[in-house]
Amino acid sequence: MAINFFEEEIKSSLTERRQVKAWIKQIATNKGFKVNTLNYIFCTDDYLLDINVNYLNHDTFTDIVTFDQSEKDTEIEGDIYISVERVKENAKNLNTSYKEELLRVLAHGLLHLCGYKDKTENEKKEMRNEENISLSLYSPTVPRGTVN
């Protein structure tokens, strides 16, 4: 069971990595999954745009792209690319802390690997609800609604 964090061309400023890993495992377990190998790759907007264009044919900036590599229905294996620049911008626009928005995006990618989607309005509402539930499982040291 491995959860890895990588940085490509940018620093994520992710702290409390051991605690974050335990939290990610808890979310997966609560959803009936076991994490085998999960790679979070923090990168720039341009790095993620290149992935979005070349692998998904989407010529747009995004905060996250998730690739599911799982071979078994109840096991998680995947790569989650996160644009640190988008997360910072989203945090500013949503008037929340960078840390809270980063945790939300970490959970969002994992939830995709657990089968949650976010294409329709109903799916988006369900995803947001699941993100909020996931955030509530994290340590109370996460400051809510403050700008970093």
Side-chain angles (χ1 to χ4, degrees), residues 1-91 94 96-120 122-143 148:
M1 199 178 330
I3 298 172
N4 304 298
F5 300 107
F6 301 100
E7 297 173 330
E8 293 290 337
E9 303 175 357
I10 199 164
K11 295 287 183 197
S12 69
S13 302
L14 178 65
T15 59
E16 303 168 338
R17 289 183 182 214
R18 220 178 275 150
Q19 186 175 356
V20 170
K21 287 179 182 185
W23 172 67
I24 291 166
K25 288 176 188 175
Q26 181 184 8
I27 296 167
T29 300
N30 289 355
K31 298 296 175 196
F33 290 85
K34 176 187 173 209
V35 176
N36 276 347
T37 304
L38 181 56
N39 297 312
Y40 286 96
I41 302 97
F42 301 105
C43 56
T44 63
D45 274 344
D46 289 336
Y47 190 96
L48 192 51
L49 177 62
D50 187 54
I51 289 171
N52 217 8
V53 168
N54 289 315
Y55 294 96
L56 303 175
N57 295 318
H58 299 151
D59 192 7
T60 57
F61 287 112
T62 186
D63 55 356
I64 186 169
V65 171
T66 304
F67 293 102
D68 189 349
Q69 320 243 342
S70 305
E71 294 183 13
K72 295 182 181 176
D73 289 344
T74 59
E75 295 181 1
I76 290 177
E77 289 192 39
D79 297 317
I80 299 173
Y81 291 83
I82 296 172
S83 167
V84 172
E85 293 167 309
R86 278 307 91 221
V87 171
K88 286 179 180 175
E89 183 72 21
N90 291 346
L94 297 169
T96 191
S97 71
Y98 168 73
K99 181 176 182 178
E100 182 174 347
E101 187 61 17
L102 183 59
L103 290 172
R104 180 178 299 281
V105 174
L106 291 170
H108 183 93
L110 176 63
L111 290 166
H112 273 307
L113 295 175
C114 292
Y116 291 89
K117 306 213 179 306
D118 59 1
K119 296 295 181 201
T120 69
N122 282 340
E123 289 173 343
K124 287 178 186 177
K125 285 179 188 175
E126 183 179 20
M127 176 67 87
R128 181 56 65 149
N129 183 55
E130 291 298 327
E131 291 169 3
N132 289 335
I133 290 168
S134 296
L135 282 171
S136 74
L137 298 174
Y138 195 76
S139 164
T141 62
V142 178
N148 227 6

Rounded to the nearest 0.5 angstrom, the CG-CG distance for Leu113 and Asp68 is 5.0 Å
Exercise. Within a radius of less than 6.0 Å around CZ of Phe6, do more than 12 heavy atoms belonging to other residues, nucleotides or ligands occur?
Worked result: yes
Heavy-atom nearest pair, Ser13 first then Tyr98, reads CB-CE2, 4.1 Å
side-chain contact (heavy atoms from CB on, under 4.5 Å) test vs Phe5 passes for just one of Val20, Ile41, Asn39, namely Val20
Taking every heavy atom of Ala107 against every heavy atom of Ile27, the minimum-distance pair comes out as CB-CD1, 4.2 Å
To the nearest 0.5 Å, atom CD1 of Ile10 lies from atom CD1 of Ile82 at 12.0 Å
Within the 4.5 Å heavy-atom criterion, are Ile51 and Phe67 side-chain neighbours or not? yes
Just by modelled atom types, is the Glu77 backbone N or O under 3.5 Å from a matching donor or acceptor in the Ser70 side chain?
yes
Decide if atom CG of Asp73 counts as having more than 12 heavy atoms of other residues, nucleotides or ligands within a radius under 6.0 Å. no
Between Gly78 and Gln69 the two heavy atoms that sit nearest each other are CA-CG, 3.8 Å
Please test Val87 against Val84 for side-chain contact (heavy atoms from CB on, under 4.5 Å), starting from the C-alpha separation and ending with a verdict. CA-CA 5 Å; Val87 171; Val84 172; 5.6 Å; no
Between Val105 and Asn90, is any pair of side-chain heavy atoms under 4.5 Å apart? no
Check: Quick one: does Phe61's side chain get under 4.5 Å of Glu85's, heavy atoms only?
Finding: no
- Take atom CD of Glu71 as the centre, draw a 6.0 Å sphere, and report whether it contains more than 12 heavy atoms from other residues, nucleotides or ligands. no
(message) Tell me whether Asn52 contacts the main-chain N or O of Thr60 through its side chain, where contact means a donor paired with an acceptor under 3.5 Å.
(response) yes
Here the gap from Ser134 atom OG to Trp23 atom CH2, rounded to the nearest 0.5 Å, amounts to 6.0 Å
dist Glu8:CD -> Tyr47:OH (nearest 0.5 Å) comes out at 4.0 Å
Report task. Show your working on side-chain contact (heavy atoms from CB on, under 4.5 Å) between Asn132 and Arg104 and close with a plain yes or no. Result -> CA-CA 8 Å; Asn132 289 335; Arg104 180 178 299 281; 2.9 Å; yes
Practice prompt. Apply salt bridge (charged side-chain N to carboxylate O under 4.0 Å, His left out) to the pair Arg128 and Glu131, showing each step before the final yes or no.
Written response: CA-CA 5 Å; Arg128 181 56 65 149; Glu131 291 169 3; 3.3 Å; yes
Closest non-hydrogen atoms of Leu14 and Arg17, given as atom of the first, atom of the second and distance, are O-NE, 3.3 Å
**OP:** Could you check whether the rings of Tyr40 and Phe42 sit parallel, tilted or perpendicular, using 30° and 60° as the cut-offs?
**Re:** parallel
Tightest non-hydrogen contact, residues Tyr81 and Leu48, listed as CB-CD1, 3.4 Å
Rounded to the nearest 0.5 Å, the CG atom of Asp45 sits from the CG atom of Asp50 at a distance of 12.5 Å
Whether the side chain of Glu75 engages the backbone of Asn36 through a donor-acceptor N/O pair (distance < 3.5 Å, no angle test) should be reported. no
> Taking C-beta and beyond as the side chain, do Thr62 and Ser83 meet within less than 4.5 Å on heavy atoms?
Replying inline: no
Minimal heavy-atom distance between Leu110 and Ile80, with the atoms involved, is N-CD1, 3.7 Å
Rounded to the nearest 0.5 Å, the SG atom of Cys43 sits from the CZ atom of Arg86 at a distance of 11.5 Å
**OP:** Verify, without hydrogens or angle tests, whether Lys117 (side chain) and Glu123 (backbone) share a donor-acceptor contact under 3.5 angstrom.
**Re:** no
Q) Is it the case that His108 and Asp118 place a side-chain donor and acceptor less than 3.5 Å from each other? A) yes
| query | So does Lys11 pair up with Glu7, basic N to acidic O under 4.0 Å? | reply | yes
